[in-house]
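Encoded as structure tokens, the structure appears first; notes follow it.
Read the numbers this way: they start at 1 and go in the same order the structure lists the ligands and their atoms. Values in this document were obtained by computation on a predicted structure and should not be read as measured data.
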Amino acid sequence: MPPDISVTEVKYEGPELVVYTRDPKKFAENGDLIRRLASQLRKRITVRPDPDVLSPPREARGEIMDVVPEDAGVTDLDFHEDTGEVVIEASKPGMVIGRHGSTLREITQRAGWTPEVVRTPPIESSTVRNVRNFLKTERDDRRDILEKVGRQIHREEMSDDEYVRITTLGCCREVGRASFILSTPETRILIDCGDKPGSEDEVPYLQVSEALGAGANTIDAVVLTHAHLDHSAFIPLLFKYGYDGPIYCTEPTRDLMGLLTLDYLDVAAKEGRTPPYDSEMVREAIKHCITLDYGDVTDIAPDVKLTFHNAGHILGSAVTHFHIGDGLYNVAFSGDIHYEDTRLFNGAVNDFPRVETLVLESTYGGRNDYQTDQEDSERKLLEVINEAYERGGKVVIPAFAVGRSQELMLVLEEAMRNDKIPTMPIHLDGMIWEATAIHTTYPEYLRDDLRDRIFHDDENPFLAEQFNHIDGGEEERMDVAEGEECIVLSTSGMVTGGPIMSWLEHLGPQEDNQMIFVGYQAQGTMGRRIQSGWDEIPVGGSGGRTQHLQLNMDVETVDGFSGHADRQGLENFVRTMNPRPEKVLCVHGDERSTQDLSSALYHDYNMRTFAPKNLETFRFL
Ligand SMILES: [Zn+2]
């Protein structure tokens, strides 16, 4: 440190090192100092003013508003005198940050506070607002958690032994309940902790009890690849079992996990099942989240560094890379991936400094699991919509709230802009609107050109005026059903409940109307039954009597909209991977898919491959 800059305290805050100083302005003037400290100490460093030297918030507010350009659209300033941080919420965070952080430095130089920037959601999102408010009220608790996590990460290594093990807890030769343990002599890391729908009668919570083994304290860290329930549903349950450590994920994954797990509890309650945990545990989980951006190399244990990379699957989804020991071993977990670019996301990253072992999803790993080209799928979708419009029918599409819905919104918005289908209202029902609002809060996680449109041209396609949020309940649905031609996107995606059931009642009986399936319909779901020709379905009648509804509407299926790589995509991911891994574990697929993919990769690329079962342990080194 230069002699004229004082340091009053150095604290751990999760993986970061926080340096408190009485000279925040000099620190900021010395542009290169933080970078040099970080590279010398090989730590992420944050500088904050000592509370003694803080200017009053009223004064600082004036200075900040002076520095930040008006176009940044600042909507809120939140001063935290305990840490010297000011959280700036703005519609255009980039303008608060400035070129290479120049505006941020200027804020500190002028106001003496440490700015942190968050985006004002362009579409009001109750999830984002609730998570931010909750974390604000829990600041004290959270600081204690982060300090404890920091001490754990930076503890001394105790063992001279060297090994790396992976234990499979779920999602092997099956789809659902993804969960793994990565362990070294120093550290045990749990990767994902999901549910398997329909497995209620099987060994309950297999992963959780196995994961915690000798007790909750045997796990050092939890890493979550993405928010889908087959990866995240039991994360809150860990806290009920006494886990008290960090959950590493991206920021959108944290928010989506909140949305999806709360809905999971809601659905369980409506179906008369006792959920395995309550909403208090979801809040605990959110409180313990440490969010990382793609590409941040982060110490999460004395001998493990974690890096997230874009996985192309859903918002915030990550391929997770673990660097173990100092150059000892490297493992990548694909999570769920889409290898090619989609309308929403860039394709999955498969470029790493080093990888010896890859744990690869195999959902569509079977030898015939090829998907239709997305362009062909889109053409067919528009054709079916045009036909329905010409005969005066309305279109209803069951869709998953996260991912598929936003993809469809982009397809439909573009088709209307280019007159490929008539412009008509697109009604969004269920959680789709809220999930879309979360997407617009994190445009940096979307595909390049989509992000650029949102940033630079104020052409946010999600804000197109034909999109309508159904927030008026049954009455609004009835009005829509009696009104002009339109398209309805509604949850649930497999017609297992939710507002789609109302839409079937309102639109199902008329022959002119059109139902279109765009997503996978699992065996045993109502969606699968309708798809395979059922034209009479049971609906909940009044007085507890089941009534039957005659479906006369036309039913079509359009394949090819998927968040998963198909067989070709999975092979391409491995073939072009840099560096080529020595070993591949094929997981997250049924028995046939995992074995097909495993033997194909072995024959084509001459690598050691496995299709493990649940509860197997592999030792490397
Ligand atoms: Zn997924």
Side-chain angles (χ1 to χ4, degrees), residues 169-172 174-180 190-199 207 222-235 247-250 252-261 263-264 294 308-320 332-340 342-349 359-365 369 371 399-408 431-432 435 438-439 442 445-446 491-494 496 518-522 525 560-567 569-570 573 586-590 593-594 597:
L169 301 183
C171 85
C172 289
E174 64 176 355
V175 174
R177 59 176 161 200
S179 197
F180 301 92
L190 182 70
I191 295 130
D192 289 346
C193 201
D195 183 20
K196 182 181 178 185
S199 70
Q207 336 60 337
V222 174
V223 173
L224 178 58
T225 61
H226 68 287
H228 273 153
L229 288 170
D230 60 328
H231 295 253
S232 73
F234 288 154
I235 298 270
I247 297 166
Y248 293 95
C249 60
T250 63
T253 295
R254 177 195 64 198
D255 294 0
L256 289 172
M257 173 187 72
L259 176 73
L260 294 178
T261 50
D263 183 64
Y264 173 79
Y294 292 148
F308 286 139
H309 300 276
N310 169 43
H313 172 61
I314 61 165
L315 187 73
S317 63
V319 176
T320 56
F333 286 78
S334 71
D336 291 356
I337 48 170
H338 197 288
Y339 180 62
E340 278 87 32
T342 58
R343 279 176 178 270
L344 272 176
F345 305 113
N346 297 325
V349 168
V359 181
L360 177 65
E361 73 125 313
S362 320
T363 315
Y364 294 109
D369 288 344
Q371 286 161 9
F400 299 102
V402 177
R404 219 54 43 241
S405 294
Q406 289 73 36
E407 185 100 25
L408 287 171
M431 283 191 325
I432 296 173
I438 297 175
H439 281 70
Y442 301 105
Y445 285 84
L446 302 173
T491 54
S492 75
M494 295 192 197
T496 49
V518 293
Y520 176 70
Q521 303 296 311
T525 59
F561 294 97
S562 172
H564 289 275
D566 68 355
R567 168 62 178 269
L570 291 168
F573 181 87
C586 297
V587 303
H588 197 289
D590 60 26
S593 309
T594 48
L597 186 62

> Any side-chain donor-acceptor pair under 3.5 Å between H226 and S232?
Replying inline: no
> For the residue pair F180 and C171, what are the closest heavy atoms and their distance?
Replying inline: CZ-SG, 3.6 Å
> Are T225 and D336 side-chain neighbours, meaning at least one heavy-atom pair lies under 4.5 Å?
Replying inline: no
> With sequence neighbours left out, what residues match R343 under salt bridge (charged side-chain N to carboxylate O under 4.0 Å, His left out)?
Replying inline: E378, E414
>> Quick check for you: within a radius under 2.8 Å, how many protein N, O or S atoms neighbour the Zn ion (ligand 1)?
In response: 4
>> Test of understanding: with side chain to side chain contact (heavy atoms under 4.5 Å, CB included), list the residues that count as partners of R404, not counting sequence neighbours.
In response: E407, V518, F561
> What residues form a side chain to side chain contact (heavy atoms under 4.5 Å, CB included) with E340, not counting sequence neighbours?
Replying inline: H338, N572
